[in-house]
Amino acid sequence: MKRNVAIIGGGQTYHAARRHDVNQVEMTNEAIRRALDDAQMTIDEIDAVLVSNMEFFEGTHMTDCWMVDGSGAYGKPGLKITTGGTVGATTVCAGAHHVASGLFDKVLCVAFEKQEEGDTGAILSGVAHPLWGRSMAGAAVGYFAMMGSSYMAAWGAKEEHSAMVAVKARQNARKNKYAHLKLDITIEDALNSRMLSWPIRMLDMCPASNGACAMILADEKTAKDRCKKPVWIRAMETAHNEQFELDWRDAKTKRPIFSKVCASRIYKKLGVKNPAKYFDVFEIYEPATWTEIVWYEDLGLCKPGEGFRLIEKGMTNIDGPIPVNPSGGVLSTNCIGASAMLRVWEAALQIRGDAGGHQVPKDVNRALTTAYGGTNWAVMTALSKTLD
Amino acid sequence: MSDRVAIVGIAQTKFASKRAEVSYGELSYEVIEQVLKDTGLVMERDIDNSISCSHDIWDGQTISDIGITDVIGGHLRNEEKVAMDGTNMVLYGAIGILSGEFECSLLMAHTKMSQTNRNIVNNDAFDPIYSRLLGFDYTSAAALQAKRYMYKYGITQEQCAKVVSKNLANARLNPSAHNMGEYSVGDVLSSPVVASPIHELEIAPDTDGAVAMILASEKKAKEITDNPVWILGFSNCYDAHYLGDRDLADYMSLHKAARKAYNMAGVKNPRREIDVVELCDAFSYQELLWSEGLGLCGQGEGGRLLDSGATALKGKIPINPSGGLLSGVPENVAGLNRAAEAYLQVKGEAGEHQVGDVRIAVVQGHSGFCGQHHCVVVLGKE
Amino acid sequence: MTEDKAYEPFEVDQHITANSTYYAGDMGSRFYIALRDKRKILGVRCPKCNKVYWPPRSTCGICFSKLSEMVEIGPCGTLETFTLVTYSEPVHPRKAPFIYGIVKLDGADTGMAHFIDEVDFSKIHIGMRVRPVFAKERKGNILDIQYFKPI
Amino acid sequence: MAKKEKELISVPITVDVPYRFAAGKYMTKFLMELKNNGKILAIKCPKCGRVQLPPRIVCAACHVKNDEWVELSNEGTLVGFTIMYIPLTDPTTGKPHKPPFVYGSVRLDGATSVLDHLVNIEPTMDKVWVGMRCKVVLRPQKDRIGDLSDIRYLEPLPGQKKPREQRSYKDKEQ
């Protein structure tokens, strides 16, 4: 990038299954006001507003145009970005491009989802090709189920391992005042939750949440003048995947996988040799428990086939050596359009030391976030405390 | 700006009212294959990232860039989607290159309007709490804007109809167009009233098609071609959402976007310096209203500018020599097609609808109803 | 390989049908409850811009102030623009032909887009004074106002 | 006294958008051959040789146009599966398929891609395993409409036994 880009502020709503007290615009506005307050900035100082959302989810065609009052975009430049579950992170990339271009100094990135308003079941079936699989609506859970069964068959992991991920997420969420599913559950509870699609149970899946996240990105000069704790965006990488071949679920596939390709590119950009040492915290996009275990391996935090050992040994706990999703992650809070941006914002909070109850108990200088969406798409963002 | 971004190639489908034989992915590949062939670029070697433009609700596909990932080179690579008018892709593509992240970007917009009902799709662009149940769509909203505009500034039905005569005559010279012909003002005004004061011939027809474009950094552009077309300036701007929030005859957001784009491009006097304009005439009156917003004439003078003949194919500031949207360009693709046409004009490759020597070309696109968001791009030779 | 020409274009009719529920929020609920129960139309005032907006919103688009002061507006207003719609769509609550207009309600600075009825189209004009006709059975949505008609 | 909950208004709207989807050149040929001749066609990448199902215009990995059609066997190997406990639309009826049932991913002989579909087998872990041989069962020709649902389901080939090493799975079926 031609200019350094920093996160100089951010905010999120609290997340819940019901938000009847606000409409979509008002809910999003809550996060934006928090972001502006956090950056000690007024909306007048913002040069552009970028909105991320997928129009089908709430059944609104031009959401960005509807939001202009609440988003502060009225009379300002801006774009709407729409790339699946990754969209919140894609919008951060778009914001970083805006700032790095030299044409904008302060850019507001906005992401939201009010899942209770849309018809998520109908809309998710629309992800499939109209003539190839759309009539099999609901197969997303089946996809993660096959991933779990393939993983267990390949490496000898047990259902208990996915339950450990389910518990870690919800126990971490209890420390995060903004999280949705703050559940005091045990491994037994997870294993006894309702079976959806073997081996995926209710507690192996993310909830349907309402919520929003907003972040303010700025150039180096603004960041240093205006912000006590800027968090620097050091690298971004995107890897989408083709429409029909979804090999991520096959634990022993020999084909190149989006997540590994994306990770190896961002590591190359940064010169990372040992990601588990290089980064102090990870915020990853795990719509189902098994994906978290697979992410460990794809991110190179352990060898292939050893992901379940990390969770078993507590390595990725909030106080472990490789903390993953201290916020509770997507398993605890999934407002789809905002989930990927929340990963970036939560990682920034960790670097600032401002995560509160779920701050990891060690120095955080670098963090890596992942986003997941579409037909196995990833966006990764690497953040740091200093520019060294 | 010290760093520059160029357009190094474009490809367009022949626009048609219906392309029943291809999926939108296959339609998109027609232009992607063509633009790579024309520029001699290779996807894995030369293209750093791809940006697509369409809308899920138009495509009938949740996260509709899924349907073009394969053909746009998105597999294990960078693809992003801008769900707005296509002009915004040119803007965002240029920003990506200026950021230093990318050297060479592939842009592609596609939409098959024939596969659904535009009024149902566009009804969803109205806020669900106060407006949508009333049944508005872009045509009825445009009619409210047209009426207000005509009332406030004395624009006549004949002037609006004349836009149609001019653009559909221009379209006869454009091989990509599908809606064209010799229509008198009388012909236009005797076509059925769809939503007063808008007649059937004053509405851009349903169209299927796609446009692709390749942007490159200055260094890369000079490796690819001897005469790239430079993106000299751009900006975009949001206006209010609700129909009643603003005087629909005004154009705050277009004015702001145009002013910033001109500043960036060093255009001081748009009326004198601009050689050709391609703008989004989704409805006839919009060509007049947007020409005011672009500063080509004073407020309320859009009709007079047209009457003066300045916007004719061989006029002083030709507008839509391609035939514009009235000649048949899909929604979403609209603005990228404007930019592609402006590119051809600057290159001097527009063929029969070439307006003469073009140094500065201006492109306008709008998203939402009644121009809720405008984007302006300035292209040029140097 | 068989020649592609042997296959006629194949098309399939489908619908995407999503049952959505949109929440009006606190302020929107106050508007709809007043409309439904008292046949009153509320807007919201921005003290900084000294403007009254309809529909009510909790942020001023111009100055970004938080808004909370709801004020009664109308019920009468002035027609700003109008159109006669001649086509019918499944999303229309009325059968064509019908008239849409934008009405600036007395006391408001922004207009309300709605139906205009009980008027001869040749007599309708911008600047015409109109008043709302409320639906007999009101459900808490924008169709609780049936249409506006000339005073 | 309990505080009366404040009334909050909601506006229900059914977003119902009609589409006439064009299958496109590649999917049309696939569906017509399935419907008329009961054949399952795939397409082979001229560069990497990947045999792709459903057939599509471009090999996403090689960025080249696919042009070599290949007829696949109607038999293949199960590469993944799950037992579904939530209703899933049964493509043969358009109605929810009564859970539990087996949903599997089969690689037809000759294909690189897999095909996801219902597996017509008792939903217990004893009866289904990765590596199981299956065949495609089509609807009778007169009932075929040119849709993926012209394939009714995958059916295990007779005379197979679950290999010993895969029997250690704890069967969760009650």
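Note: hydrogens, waters and symmetry copies are ignored here, and every other heavy atom, side chains too, is used. In what follows, chains carry the letters A, B, and so on, assigned in the order in which the sequence lines appear, proteins first and then strands, with residues in each chain numbered from 1. A quick note: this is a predicted structure, and the numbers were derived from the prediction, not measured.
Summarising the local packing, CZ of C:Arg129 is surrounded by more than 12 heavy atoms from other residues, nucleotides or ligands at distances under 6.0 Å. Counting non-hydrogen atoms of other residues, nucleotides and ligands closer than 6.0 Å to CZ of C:Arg131 gives a total of 12 or fewer.
Taking the six-membered ring where the residue is Trp, C:Phe31 and B:Tyr130 present perpendicular rings, their angle passing 60° and hence far from 30°. Using the six-membered ring where Trp is involved, B:Phe126 and B:Phe369 have ring planes that are parallel, under 30° apart on the 30 and 60° scheme.
Listed by sequence position, C:Thr110, C:Gly111, C:Ala113, C:His114, C:Phe115, C:Phe121 are the residues of residues 103-123 of chain C in contact with chain B, using a 4.5 angstrom heavy-atom cutoff. Interface residues of residues 242-253 of chain B toward chain C, defined by a heavy-atom distance below 4.5 Å and sorted by number: B:Tyr242, B:Leu243, B:Gly244, B:Asp245, B:Leu248.
Residue contact with chain B, scored on non-hydrogen atoms closer than 4.5 Å, involves the side chain of C:Pro90 exclusively. Only the side chain of C:Glu89 comes within less than 4.5 Å of a heavy atom of chain B; its backbone N, CA, C and O stay farther away. Both the backbone and the side chain of B:Phe136 have a heavy atom closer than 4.5 Å to some heavy atom of chain C. Only the side chain of C:Arg57 comes within contact range of chain B, with at least one heavy atom under 4.5 Å from a heavy atom of that chain. In this structure, chain B has heavy atoms under 4.5 Å from both the backbone and the side chain of C:Leu84.
Between chain B and the options C:Ile99, C:Ile62, C:Val85, C:Asp13, heavy-atom pairs under 4.5 Å are most frequent for C:Val85. Listed options C:Ile126, C:Ile142, C:Ile16 were ranked by heavy-atom pairs under 4.5 angstrom with chain B; first place goes to C:Ile126. In terms of non-hydrogen atom pairs under 4.5 Å with chain B, the most contact-rich of C:Tyr32, C:Tyr53, C:Tyr23, C:Trp54 is C:Tyr32. With chain C as partner, the option from B:Ser140, B:Ser23, B:Ala146 having the largest number of non-hydrogen pairs under 4.5 angstrom is B:Ser140. The choice from B:Val193, B:Asp127, B:Val22, B:Ile198 that makes the most heavy-atom pairs within less than 4.5 Å of chain C is B:Val193.
The existence of a salt bridge linking B:Asp124 and B:Arg132 is confirmed by a sub-4.0 Å separation between a basic side-chain nitrogen and an acidic carboxylate oxygen.
In the model, B:Ser17 has no side-chain atom that pairs as donor or acceptor with a side-chain atom of B:His178 under 3.5 Å. Side-chain N/O atoms of B:Ser284 and B:Glu202 include a donor and acceptor closer than 3.5 Å.
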Show your reasoning for whether salt bridge (charged side-chain N to carboxylate O under 4.0 Å, His left out) applies to B:Arg19 and B:Glu30.
CA-CA 12 Å; B:Arg19 290 289 305 276; B:Glu30 291 177 8; 2.6 Å; yes

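Among residues two or more places apart in sequence or in another chain, the salt bridge (charged side-chain N to carboxylate O under 4.0 Å, His left out) test is passed with B:Asp206 by B:Arg118.
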Donor-acceptor pairs are to be reported for all side-chain atoms of residues 55-64 of chain B against protein atoms at under 3.5 Å, with residues two or more places apart or in another chain.
{"residue": "B:His55", "atom": "ND1", "partner": "B:Asn332", "partner atom": "OD1", "Å": "2.9"}
{"residue": "B:His55", "atom": "NE2", "partner": "B:Ala83", "partner atom": "O", "Å": "3.0"}
{"residue": "B:Asp56", "atom": "OD1", "partner": "B:Ser64", "partner atom": "N", "Å": "3.0"}
{"residue": "B:Asp56", "atom": "OD1", "partner": "B:Ser64", "partner atom": "OG", "Å": "3.4"}
{"residue": "B:Asp56", "atom": "OD1", "partner": "B:Lys81", "partner atom": "NZ", "Å": "2.4"}
{"residue": "B:Asp56", "atom": "OD2", "partner": "B:Ile63", "partner atom": "N", "Å": "2.8"}
{"residue": "B:Trp58", "atom": "NE1", "partner": "B:Glu331", "partner atom": "OE1", "Å": "3.3"}
{"residue": "B:Asp59", "atom": "OD1", "partner": "B:Ser54", "partner atom": "OG", "Å": "3.0"}
{"residue": "B:Asp59", "atom": "OD2", "partner": "B:Ser54", "partner atom": "OG", "Å": "2.8"}
{"residue": "B:Asp59", "atom": "OD2", "partner": "B:Ser64", "partner atom": "OG", "Å": "2.7"}
{"residue": "B:Gln61", "atom": "NE2", "partner": "A:Gly126", "partner atom": "O", "Å": "3.2"}
{"residue": "B:Gln61", "atom": "NE2", "partner": "A:Val127", "partner atom": "O", "Å": "2.5"}
{"residue": "B:Thr62", "atom": "OG1", "partner": "A:Ile123", "partner atom": "O", "Å": "2.7"}
{"residue": "B:Ser64", "atom": "OG", "partner": "B:Lys81", "partner atom": "NZ", "Å": "3.1"}

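Residues B:Ala143 and B:Pro197 share a closest heavy-atom pair of O-CD, 3.6 Å.
The side-chain heavy atoms of B:Thr139 and B:Phe283, taken from C-beta on, include a pair separated by under 4.5 Å. Inter-residue side-chain proximity for B:Leu288 and B:Tyr153 is flagged as unmet; no heavy-atom pair is nearer than 4.5 Å. Side-chain contact between C:Leu67 and C:Arg45 is absent, with no heavy-atom pair separated by less than 4.5 Å.
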